[in-house]
Peer 1: 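Supplied in structure tokens, the structure appears directly below.
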Amino acid sequence: MKTRTHAGEVVSLCAGASAVVAVAIIAPLAHAGTIVRGFTWVEVDNQGVSDGSGADLTGYRTFDLYFNLGSSGAVVTGFNMGFAPNPAIDDPQPFIETDGVVFNHAFGGDTPPLPAVIDLFPALAFDTRLEFGGEDILVVPNSIDLTGDNNGELRGVWLPLGGFQVDPGDSIHALRITLTDFTYLRGMIQVGLGSAGVPYFEVPNIPSPAGAAVLITGALLLGRRRA
């Protein structure tokens with residue numbers, strides 16, 4: 001079983017323990033033969049890696065968030081996870097929330113690190129960060145807070161450099177988060193879908209650690225659009 005992005009990035013969901021493992025699927029609105037449009041968490045084994053920066057991921061879990069286009073393709077123009085300095089910009093306000101401790105690498109940033117730096121500091125591969133299917137990312141200035149220090153909320157607005165056509169059944173890697181000591185990880189994100197507007201999608205909850213990787217599929221909340 002595989003999930004791939006339009007850019008050709010392939011993630012095996014049934015690979016070995018050192019890659020990505022999926023052992024449970026929850027799809028609230030799925031029907032036989034139907035691919036549900038929405039967000040999916042996939043756990044990645046970080047192997048408790050440590051490096052010379054002082055990072056030590058013992059006891060931490062890493063999750064990748066994917067947006068699946070379902071049975072029809074679309075142009076995806078961006079993700080709105082909420083605007084850090086102005087929580088009232090939308091109603092309701094998009095967000096990701098957790099009561100856990102979020103990992104931010106000392107040499108990391110809001111977007112994917114360079115492979116050469118990961119070679120020097122392996123834990124950087126699991127830094128909490130924004131993604132967009134392997135594409136270059138444009139971040140709305142001052143919108144990002146990936147620390148979890150603001151009432152456990154992660155926020156940000158990001159988009160690819162140009163529209164991003166995604167084929168039916170394909171998924172976009174949208175976010176990586178590494179954390180520990182949590183009992184929930186959940187929220188909702190607005191997704192720019194071109195002519196289809198900017199609907200809200202639930203980011204399904206990952207409950208407290210159960211000792212197994214979990215793949216959870218979220219469902220469309222409401223066809224609500226940002227003014």
Side-chain angles (χ1 to χ4, degrees), residues 38-44 46 53-67 76-113 121 123-132 137-160 172-192 198-209 214 216 218-222 224-227:
F39 283 103
T40 297
W41 288 111
V42 178
E43 185 163 9
V44 180
N46 61 45
S53 72
D56 183 353
L57 296 187
T58 301
Y60 281 78
R61 298 170 73 192
T62 299
F63 299 94
D64 283 343
L65 184 65
Y66 287 83
F67 182 71
V76 180
T77 58
F79 296 114
N80 178 11
M81 193 169 67
F83 197 78
N86 188 4
I89 194 171
D90 290 300
D91 181 21
Q93 169 74 350
F95 64 95
I96 297 289
E97 65 176 1
T98 181
D99 60 349
V101 177
V102 178
F103 170 67
N104 287 266
H105 197 281
F107 301 134
D110 298 327
T111 56
F121 302 99
L124 185 58
F126 306 100
D127 187 35
T128 297
R129 63 180 184 261
L130 308 174
E131 295 274 358
F132 209 107
I137 299 172
L138 176 63
V139 174
V140 173
N142 302 316
S143 72
I144 310 300
D145 183 354
L146 301 180
T147 65
D149 292 339
N150 184 14
N151 297 319
E153 296 176 349
L154 282 70
R155 298 194 183 275
V157 182
W158 67 108
L159 53 151
I172 300 174
H173 185 193
L175 177 71
R176 169 164 287 188
I177 180 169
T178 296
L179 74 170
T180 190
D181 296 332
F182 68 98
T183 61
Y184 59 83
L185 174 61
R186 63 196 178 200
M188 65 178 176
I189 294 176
Q190 283 182 296
V191 182
V198 192
Y200 287 82
F201 288 84
E202 179 185 5
V203 176
N205 183 44
I206 295 178
S208 57
V214 180
I216 304 175
L220 174 65
L221 280 179
L222 298 172
R224 183 178 180 131
R225 301 183 182 182
R226 182 173 54 184

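Note: hydrogens, waters and symmetry copies are ignored here, and every other heavy atom, side chains too, is used. Quick note: residue numbers are just sequence positions, from 1.
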Peer 1: So, using side chain to side chain contact (heavy atoms under 4.5 Å, CB included) as the criterion, who are the partners of Asn46 when residues are at least two apart?
Peer 2: Leu57, Tyr60, Thr62, Phe126, Thr178

Peer 1: For Val198 and Gly192, which heavy atoms make the closest approach, and how far apart are they?
Peer 2: CG1-N, 4.2 Å

Peer 1: Could you list the residues that satisfy side chain to side chain contact (heavy atoms under 4.5 Å, CB included) with Ala55, not counting sequence neighbours?
Peer 2: Asp51, Ser53, Phe103, His105, Ala123

Peer 1: How about Met81 and Leu146: do any of their side-chain heavy atoms sit closer than 4.5 Å?
Peer 2: yes

Peer 1: Answer yes or no: is there an ion pair linking Arg176 with Glu131, defined by an N-O contact shorter than 4.0 Å?
Peer 2: no

Peer 1: Hey, does the side chain of Asp181 reach the backbone of Gly100 with a donor-acceptor pair shorter than 3.5 angstrom?
Peer 2: no

Peer 1: Specify the closest pair of heavy atoms between Asn150 and Asp145, including all atoms of both residues, with the distance to one decimal.
Peer 2: CB-OD2, 3.7 Å

Peer 1: Which distance, rounded to the nearest 0.5 Å, do you find between the CZ of Phe67 and the CD1 of Ile172?
Peer 2: 7.5 Å

Peer 1: How close do Asn80 and Val157 get, heavy atom to heavy atom, and via which atoms?
Peer 2: OD1-CG2, 3.4 Å

Peer 1: Give the C-alpha distance, both sets of side-chain angles, the deciding distance and a yes or no for side-chain contact (heavy atoms from CB on, under 4.5 Å) between Asp127 and Phe107.
Peer 2: CA-CA 9 Å; Asp127 187 35; Phe107 301 134; over 6 Å; no

Peer 1: Applying side-chain hydrogen bond (donor to acceptor under 3.5 Å, both in side chains), name anything that partners Asp56, two or more places apart in sequence or on another chain.
Peer 2: Thr58

Peer 1: Measure up the Phe79 and Phe39 rings against each other and bin them: parallel (under 30°), tilted (30 to 60°), perpendicular (over 60°).
Peer 2: tilted

Peer 1: Rounded to the nearest 0.5 Å, what separation is found between the CD1 atom of Ile96 and the CD atom of Glu153?
Peer 2: 10.5 Å

Peer 1: Given side chains that start at C-beta, do those of Leu65 and Ile189 come closer than 4.5 Å, heavy atoms only?
Peer 2: yes

Peer 1: Holding to ring pair (Phe, Tyr, Trp, His ring centres under 6.0 Å), I want the full list of residues that pass it with Phe95, two or more places apart in sequence or in another chain.
Peer 2: none

Peer 1: Under the rule for side-chain hydrogen bond (donor to acceptor under 3.5 Å, both in side chains), what residues qualify as partners of Asp99, not counting sequence neighbours?
Peer 2: Thr183

Peer 1: Considering residues at least two apart in sequence or located in another chain, which fulfil the side chain to side chain contact (heavy atoms under 4.5 Å, CB included) criterion with Leu159?
Peer 2: Leu138, Val140

Peer 1: I need the minimum non-hydrogen distance between Asn104 and Thr147, along with the two atoms involved.
Peer 2: ND2-CA, 3.6 Å

Peer 1: So, taking the atom named CD in Glu43 and the one named CG in Asp64, what distance separates them when rounded to the nearest 0.5 Å?
Peer 2: 10.0 Å

Peer 1: When you measure from the side chain of Trp41 to the backbone N and O of Pro204, does any donor-acceptor pair fall under 3.5 Å?
Peer 2: yes

Peer 1: Can you name the closest pair of heavy atoms from Phe132 and Val76 and give their distance?
Peer 2: CZ-CG1, 3.6 Å

Peer 1: Can you sort out the partners of Thr180 under side-chain hydrogen bond (donor to acceptor under 3.5 Å, both in side chains), two or more places apart, ordered by chain and number?
Peer 2: none

Peer 1: Looking at every heavy atom in both Pro112 and Leu130, which two are closest together, and how far apart are they?
Peer 2: CD-O, 3.4 Å

Peer 1: From Arg186 CZ over to Met188 CE, what is the distance, rounded to the nearest 0.5 angstrom?
Peer 2: 12.0 Å

